[in-house]
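Labels below follow one simple rule: chain letters A, B, ... track the order of the sequence lines, proteins then strands, and each chain is numbered from 1.
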2 protein chains.
Amino acid sequence: MADTKDRILDAAEALFADRGLFETSMRAITRAADVNLAAANYHFGSKEALIQAVFARRAEALNNRRLEALADSRARGALDLEAVLDAYIRPALEMARDEKAGRYIRLLGRVYTDPNSRAGQFLPRQYDATLEAFKPEFIRLLPQIDKTELYWRLHFLIGSLVYCMAGLDMMRLSSSCYLCDPADTEGMIRRLIAFVAGGLRAAASAVQPPIQPAVTG
Amino acid sequence: MADTKDRILDAAEALFADRGLFETSMRAITRAADVNLAAANYHFGSKEALIQAVFARRAEALNNRRLEALADSRARGALDLEAVLDAYIRPALEMARDEKAGRYIRLLGRVYTDPNSRAGQFLPRQYDATLEAFKPEFIRLLPQIDKTELYWRLHFLIGSLVYCMAGLDMMRLSSSCYLCDPADTEGMIRRLIAFVAGGLRAAASAVQPPIQPAVTG
DNA sequence: GTCTATAACTAGATAGAC
DNA sequence: GTCTATCTAGTTATAGAC
């Protein structure tokens, strides 16, 4: 049996992932957690603080799993591009399969594209350092790609990943995706790695400089 | 001077993009539009109906620009993978530069990862047909990629694109992206096309079948 | 730590005058 | 079509008994 604080965090995490931060009331959370409304405010102080607690609880675990995966691969000496991508992508998508932590991954995928959400203010702090730790590997493995280009590509990579995290429910968005099995985590991980590896390795010359070099307003 | 209905749509679109659907009250919208609260309900009936009207207003324009771009390229006979991607990606990201329609693109990018938002229910209907129109071209241009693999890759493509649409504000997510200029629309379009083209073309063999073929729960 | 009760406020929607 | 005023129901947060 989880104690009150954990039950509130679990219920909040699940409801936030399903309905959104703002759409979820403290009353709905405490009802789901079978806890008194006043108790939630006693433990967390405010809804805002509860939101932060929900995110803080899992961020460190995800960061650690990514950094450990990178260190493990490095220890085995086999640090090619696919291995680096695996270390970054796999922890997130495997966590998505976990019944409880999976709700956090879905939630994270949702608020990631939400710059004005309150989450947009602390998420960078929670995940920036880990991305920075991966960056030297990308630079080393893709010396032919200039840095501006590379950073754009990392941006695109994160977009694909976040979209997968946000929910495989979204696959309905295209009716034709009936062939894709959202439950096939391993297939999704491998396919995503192959896709972004291909994108990262694409010839830099494929991008011509803008037609109007610098004078554009 | 726009009439009342358009002023309400404009204000709603802007506020929805900045704060989210649920976070924006009818009062905030009518205040921004300098319109009476009751007038908004008179014209649209409910907040829900107003939300639908905001999305419906621009969806057709975006679809048409994509389909016209595809037809134009086809008419010029130069229909390679990059041209197809350009026809799909450019209309969205160029629209993002427009002062008014740009707010819709940001809004669209945000709600796209929000399957439980009310928007998640009508967005598929609004954009599915257009994606279907592009799909035969991808199949034709990438015959070596099997369909399941290809549909996954289209999913990843949409993820990258949506992330770009959602906001270049997000680039702050990684401090190192100071090199990327979010205002460089043309550069972003070309780089995104190069990236996803590389991903779509990646060797299919890069994805091995899952370790446990079919028996996994 | 947990509860009841409630304060203080905001939401969407509408009735009815003009 | 546009307004004021208001209804009903929901929200966060807290005071104070236990």
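A/Ala38 comes within contact range of at least one nucleobase, with a heavy-atom separation under 4.0 Å.
Between the CZ atom of A/Phe44 and the P atom of C/dT2 there is a distance of 11 Å, rounded to whole Å. Rounded to an integer number of Å, the gap from B/Asp3 CG to D/dG1 P is 9 Å. Taking atom CD1 of residue B/Ile29 and atom P of nucleotide C/dA11, one finds them 11 Å apart after rounding to whole Å. Rounded to a whole Å, the OH atom of A/Tyr42 is 13 Å from the C1' atom of C/dC3. The nearest whole Å value for the distance from the CZ atom in B/Arg27 to the P atom in D/dA5 is 13 Å. Rounded to an integer number of Å, the gap from A/Leu37 CG to C/dA8 C1' is 15 Å. Distance CE (A/Met26) to P (C/dC9): 20 Å, rounded to an integer number of Å.
Not one side-chain nitrogen or oxygen of A/Thr4 sits closer than 4.0 Å to the OP1 or OP2 atom of C/dG1. At D/dG10, none of the side-chain N or O atoms of A/Ser25 fall inside 4.0 Å of OP1 or OP2 (strictly under the cut-off). Residue A/Asn36 places no side-chain N or O under 4.0 Å from the OP1 or OP2 atom of C/dT2.
A/Arg19 CZ: 12 or fewer foreign heavy atoms inside a 6.0 Å radius.
With respect to the salt-bridge test (charged N to carboxylate O, under 4.0 angstrom), the residues A/Asp184 and A/Arg191 qualify. With respect to the salt-bridge test (charged N to carboxylate O, under 4.0 angstrom), the residues B/Lys100 and B/Glu13 do not qualify.
For B/His43, taking side-chain heavy atoms from C-beta onward, the closest of the listed nucleotides D/dG1, D/dA13, C/dG1 is D/dG1.
For B/Phe55 and B/Phe122, the distance between ring centers is under 6.0 angstrom.
Mapping A/Asn41 and B/Val35 onto DNA chain D via the closest heavy atom, the residue that lands nearer the 5' end is B/Val35.
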